[in-house]
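Shown next, in structure tokens, is the structure this report addresses.
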Amino acid sequence: AHLAAMTLTTDWQSRFQVPSDLVKSVLLLSGLYELAPIAASFAQDWLALSATDVADLSPLRHLPARSGPVLVAWAEGDAPGFKRQSLGFHEAWKAAGLPGRALEIESCNHFNILLELSRDDSRLTNALVHMMQTA
């Protein structure tokens with residue numbers, strides 16, 4: 001989700017001469033969108049993120065002026081940080097006037113939420129298909 005969100009918040013399309021309408025919608029699952037808490041955690045020992053890295057690589061700080069819809073989803077069993085970051089990104093996305101939806105997926109965790117997409121009757125699959133059809 002972090003890398004997908006970064007593709008929305010950078011100017012890679014013009015840099016690589018990709019048509020601007022190529023990305024119609026995006027699904028973000030249990031992501032990290034603000035790296036400051038990570039830089040303040042034990043992971044900083046091996047990540048060694050500089051203040052510039054945190055600023056440049058936090059998609060929450062670089063919302064685009066326009067975008068197709070984004071579905072921000074997280075698992076009920078995710079760690080609180082993933083839930084907070086997902087909801088925070090969604091709230092900032094909507095506050096910026098960008099189209100999107102937030103969705104918590106019950107009975108899943110950070111590792112098995114992706115399996116919901118293998119079921120054509122799951123809430124996640126239905127939300128994704130609806131977003132793609134209306135984008």
Side-chain angles (χ1 to χ4, degrees):
H2 174 261
L3 295 176
M6 287 300 296
T7 67
L8 295 170
T9 62
T10 59
D11 193 23
W12 65 274
Q13 291 175 330
S14 63
R15 182 175 175 205
F16 295 105
Q17 299 176 348
V18 175
S20 62
D21 63 345
L22 182 66
V23 177
K24 301 286 188 191
S25 58
V26 175
L27 169 63
L28 302 174
L29 289 177
S30 298
L32 296 173
Y33 309 101
E34 171 55 63
L35 297 187
I38 306 306
S41 76
F42 70 92
Q44 178 64 0
D45 292 343
W46 52 272
L47 283 173
L49 294 168
S50 69
T52 300
D53 293 335
V54 170
D56 290 348
L57 301 174
S58 293
L60 183 64
R61 300 183 190 196
H62 305 284
L63 299 178
R66 62 183 180 83
S67 174
V70 170
L71 174 58
V72 181
W74 63 91
E76 177 182 37
D78 265 340
F82 284 107
K83 291 181 181 186
R84 252 189 328 274
Q85 289 228 6
S86 295
L87 192 54
F89 185 79
H90 170 71
E91 288 171 352
W93 189 262
K94 295 298 284 184
L98 299 166
R101 179 176 174 202
L103 185 64
E104 181 174 81
I105 304 300
E106 299 81 12
S107 303
C108 288
N109 62 46
H110 189 74
F111 301 101
N112 68 7
I113 187 172
L114 190 59
L115 297 176
E116 290 297 293
L117 294 173
S118 69
R119 295 185 23 239
D120 61 1
D121 64 340
S122 75
R123 286 182 64 223
L124 185 58
T125 299
N126 289 328
L128 177 60
V129 168
H130 180 264
M131 179 178 64
M132 290 170 27
Q133 289 174 335
T134 57

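A quick note: this is a predicted structure, and the numbers were derived from the prediction, not measured.
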Would a single hydrophobic cluster contain both M131 and L124, if residues Ile, Leu, Val, Met, Phe, Trp and Tyr are joined by side-chain heavy-atom contacts under 4.5 Å?
yes
Under 3.5 Å: donor-acceptor pair, side chain of N126, backbone of R123
no
Hey, does the side chain of S118 reach the backbone of L115 with a donor-acceptor pair shorter than 3.5 angstrom?
yes
Within-4.5 Å side-chain heavy-atom neighbours: V70 and W93
yes
Going from CD on E34 to CG on L57, what distance comes out if it is rounded to the nearest 0.5 angstrom?
10.5 Å
Heavy-atom closest pair (A36 atom, S58 atom, distance to 0.1 Å) is N-OG, 4.5 Å
Using a 4.5 Å cut-off on heavy atoms from C-beta on, say whether the side chain of P59 contacts that of L8.
no
Looking at T125, is its backbone amide N or carbonyl O close enough to the side chain of E116 to form a donor-acceptor pair, meaning the two atoms are under 3.5 Å apart?
no
What's the separation between atom NE2 in H90 and atom CG in L60, rounded to the nearest 0.5 Å?
13.0 Å
Close side-chain approach of L27 to L117, heavy-atom, < 4.5 Å:
yes
When rounded to the nearest 0.5 Å, the distance separating CG of L128 from OG of S25 is 7.0 Å
If you look at every heavy atom in S30 and A1, which pair is closest and at what distance?
C-CB, 4.3 Å
E76 side-chain N/O to C108 backbone N/O, donor-acceptor pair under 3.5 Å:
no
Output the distance between atom CD1 (I113) and atom CD1 (I105), rounded to the nearest 0.5 Å.
5.5 Å
Considering only heavy atoms from C-beta outward, does the side chain of L35 approach that of H2 to under 4.5 Å?
yes
Option among H62, M6, Q85 that satisfies the side chain to side chain contact (heavy atoms under 4.5 Å, CB included) test with Y33:
Q85
With the side chain counted from C-beta on, respond yes when V54 and R61 share a heavy-atom pair under 4.5 Å apart, and no when they do not.
yes
If every non-hydrogen atom of S86 is compared with every non-hydrogen atom of G31, which pair is closest and at what distance?
OG-N, 3.8 Å
Nearest 0.5 Å, please: how far is CG in L71 from CG in L29?
7.5 Å
Group every Ile, Leu, Val, Met, Phe, Trp and Tyr by side-chain heavy-atom contacts under 4.5 Å, then state whether L47 and L32 land in the same group.
yes
Kindly give the heavy-atom pair with the smallest separation between P64 and L98, and that separation in Å.
O-CD1, 3.6 Å
Count the heavy atoms of every other residue, nucleotide or ligand shown that sit under 6.0 Å from CG of D120, and state whether that count exceeds 12.
no
In Å, rounded to the nearest 0.5 Å, how long is the span from OG1 of T134 to NZ of K24?
12.0 Å
Could you tell me whether H110 atom NE2 has more than 12 heavy atoms of other residues or ligands within 6.0 Å of it?
yes
Quick one: do L103 and F82 end up in the same hydrophobic cluster if we chain Ile, Leu, Val, Met, Phe, Trp and Tyr together by side-chain heavy atoms under 4.5 Å apart?
no
